[in-house]
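Report on the structure given below.
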Amino acid sequence: MPFFKTKDPTVPPGQTLTDGFPVLHVGDVPRFDPATWRLRLYGLVETPFELTFDELRALPSTEWRGDIHCVTRWTKQKTQWRGVLFRSLVERAKPKSSVTHVVQHADNDYTTNLPLEAMLGDDCLVAYEFDGQALEPIHGGPVRMLVPKLYFWKSAKWIKGIEFLDHDQKGFWEVRGYNNDADPWKEERYSDLPSWFG
Ligand SMILES: Nc1nc2c(c(=O)[nH]1)N[C@H]1C(S)=C(S)[C@@H](COP(=O)(O)O)O[C@H]1N2
Ligand SMILES: [Mo]
């Protein structure tokens with residue numbers, strides 16, 4: 001049997017547990033310059049704004065503990081993150097009533113798209129700590145998105161912009177055949193594969 005597929009109901013179908021923390025991204029780890037880095041919230045909002053790293057860390061923070069799932073089939077359980085609740089930034093930006101979707105913009109032109117509604121949970125953070133330590137650059141530090149209910153490509157590392165749109169706009173992997181919705185419990189890994197692919 002080439003693969004061991006766990007029947008553990010706490011692990012999404014087709015995933016394998018890892019104790020490590022694999023690193024996956026396209027391009028090089030970007031250099032972070034606190035003098036120029038900003039997190040910008042813009043697009044169809046009443047109150048566009050930007051935050052420096054210090055301003056972000058001065059906001060009330062939230063901890064989230066749980067599991068993360070990569071489409072390449074690893075799941076890491078019991079991870080611990082700290083950051084600013086994304087919902088609180090949305091409240092400050094005040095999206096116009098026409099807003100339906102959000103695009104996360106990161107360094108190296110990485111983007112990923114989601115319905116705004118998918119990002120309003122208690123688990124969706126603009127994260128800057130992992131397991132009680134400053135988030136390492138290889139994992140998206142100092143600041144990344146965390147949307148852990150979905151496959152991990154929906155959590156942009158080195159986040160710098162959040163754009164509010166009145167339509168969907170596919171991101172980096174979504175235009176390359178990854179599923180638009182990315183729910184690991186439904187195994188929404190890829191889209192538009194021919195039926196013989198299995
Ligand atoms: N900016 C950026 N964010 C990214 C990616 C990327 O290539 N660039 N890859 C995504 C993918 S496919 C995964 S699985 C996770 C990996 O996060 P990790 O390296 O911390 O495990 O980051 C996501 N966020
Ligand atoms: Mo991934």
Side-chain angles (χ1 to χ4, degrees), residues 3 11-33 36-42 51 53 56 63-84 86 101-115 118-119 123-163 169-193:
F3 296 104
V11 181
Q15 295 295 108
T16 302
L17 297 180
T18 179
D19 287 332
F21 193 170
V23 173
L24 275 114
H25 55 257
V26 285
D28 297 328
V29 174
R31 231 180 62 94
F32 173 75
D33 179 357
T36 56
W37 183 87
R38 300 287 183 274
L39 179 65
R40 295 197 166 83
L41 282 85
Y42 63 99
L51 297 169
F53 185 45
L56 181 76
E63 188 182 273
W64 181 84
R65 288 169 193 244
D67 306 346
I68 53 178
H69 317 285
C70 176
V71 71
T72 62
R73 298 184 181 270
W74 55 267
T75 284
K76 181 173 179 59
Q77 293 185 310
K78 299 193 175 117
T79 64
Q80 179 192 332
W81 301 82
R82 178 169 291 281
V84 175
F86 181 66
H101 288 81
V102 169
V103 172
Q104 303 169 36
H105 292 266
D107 276 316
N108 301 334
D109 295 327
Y110 186 85
T111 56
T112 187
N113 57 305
L114 280 173
M119 298 179 69
D123 54 353
C124 183
L125 304 182
V126 175
Y128 50 77
E129 270 182 37
F130 173 79
D131 280 359
Q133 306 285 326
L135 182 62
E136 287 179 71
I138 52 165
H139 288 298
V143 185
R144 80 175 294 163
M145 283 299 305
L146 178 71
V147 192
K149 270 197 194 67
L150 302 175
Y151 283 126
F152 215 27
W153 87 79
K154 293 285 188 182
S155 297
K157 297 156 77 156
W158 316 297
I159 185 82
K160 57 183 190 184
I162 307 281
E163 184 181 7
Q169 181 180 295
K170 288 186 176 178
F172 181 88
W173 284 119
E174 290 83 3
V175 299
R176 288 167 174 79
Y178 281 32
N179 187 282
N180 208 33
D181 305 322
D183 182 344
W185 298 97
K186 299 182 189 160
E187 281 211 81
E188 293 172 332
R189 297 177 192 274
Y190 308 105
S191 59
D192 304 328
L193 287 174

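One-based numbering, in listed order, for ligands and for the atoms of each.
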| task | Check whether any heavy atom of Phe172 sits under 4.0 Å from an atom of ligand 1. | result | no
| Which of the atoms in ligand 1, numbered in the order shown and given with their element, are less than 4.0 Å from a heavy-atom of His139? | 18 (P), 19 (O), 20 (O), 21 (O)
| message | I'd like to know whether Ile68 forms a side chain to side chain contact (heavy atoms under 4.5 Å, CB included) with Trp74, so could you lay out the CA-CA distance, the side-chain angles of the two residues, the decisive distance to 0.1 Å, and finally the verdict. | response | CA-CA 8 Å; Ile68 53 178; Trp74 55 267; 4.1 Å; yes
| Atoms in ligand 1 with a heavy atom of Trp74 nearer than 4.0 Å | 21 (O)
| query | Is NZ or CZ of Arg189 both nearer than 6.0 Å to the six-membered ring centre of Phe152 and within 45° of the ring axis? | reply | no
| said: For Glu174 and Thr112, which I'm curious about, is there any donor-acceptor pair between the side chains at under 3.5 Å? | reply: yes
| Minimum-distance protein heavy atom relative to atom 14 (S) of ligand 1 | Cys70 SG, 3.3 Å
| message | I want to check something: taking the side chain as every heavy atom from C-beta on, are Ile162 and Val102 in contact at a cut-off of under 4.5 Å? | response | yes
| Mind checking whether Lys154 has a heavy atom under 4.0 Å from ligand 1? | no
| Short list, please: which atoms of ligand 1 are under 4.0 Å from a heavy atom of Val26? | 6 (C), 7 (O)
| Sequence neighbours excluded, which residues qualify as side-chain hydrogen bond (donor to acceptor under 3.5 Å, both in side chains) partners of Lys160? | Asp107
| Under 4.0 Å to a heavy atom of Val23 - the qualifying atoms of ligand 1, by number | 19 (O)
| field | Distance-only N or O hit between ligand 1 and His25, under 3.5 Å | value | no
| message | Suppose we measure from atom 16 (C) of ligand 1 to each protein heavy atom; which comes out shortest, and what is that distance? | response | Leu24 O, 3.4 Å
| Option set Phe152, Tyr151, Tyr110, criterion heavy-atom distance to atom 8 (N) of ligand 1, minimum | Tyr110
| Is Pro22 in polar range of ligand 1, meaning some N or O pair under 3.5 Å apart? | yes
| field | Polar proximity ligand 1 side, Ser155 side, N/O cut 3.5 Å exclusive | value | yes
| query | Mind checking what makes salt bridge (charged side-chain N to carboxylate O under 4.0 Å, His left out) contact with Lys76, not counting sequence neighbours? | reply | none
| Nitrogen or oxygen atoms of Lys157 and ligand 1 under 3.5 Å apart | yes
| note | Looking only at protein heavy atoms, what sits closest to atom 12 (S) of ligand 1 is Trp153 CB, 3.4 Å
| request: Output the list of atoms in ligand 1 that are nearer than 4.0 Å to some heavy atom of Ala106, sorted by atom number. | output: 1 (N)
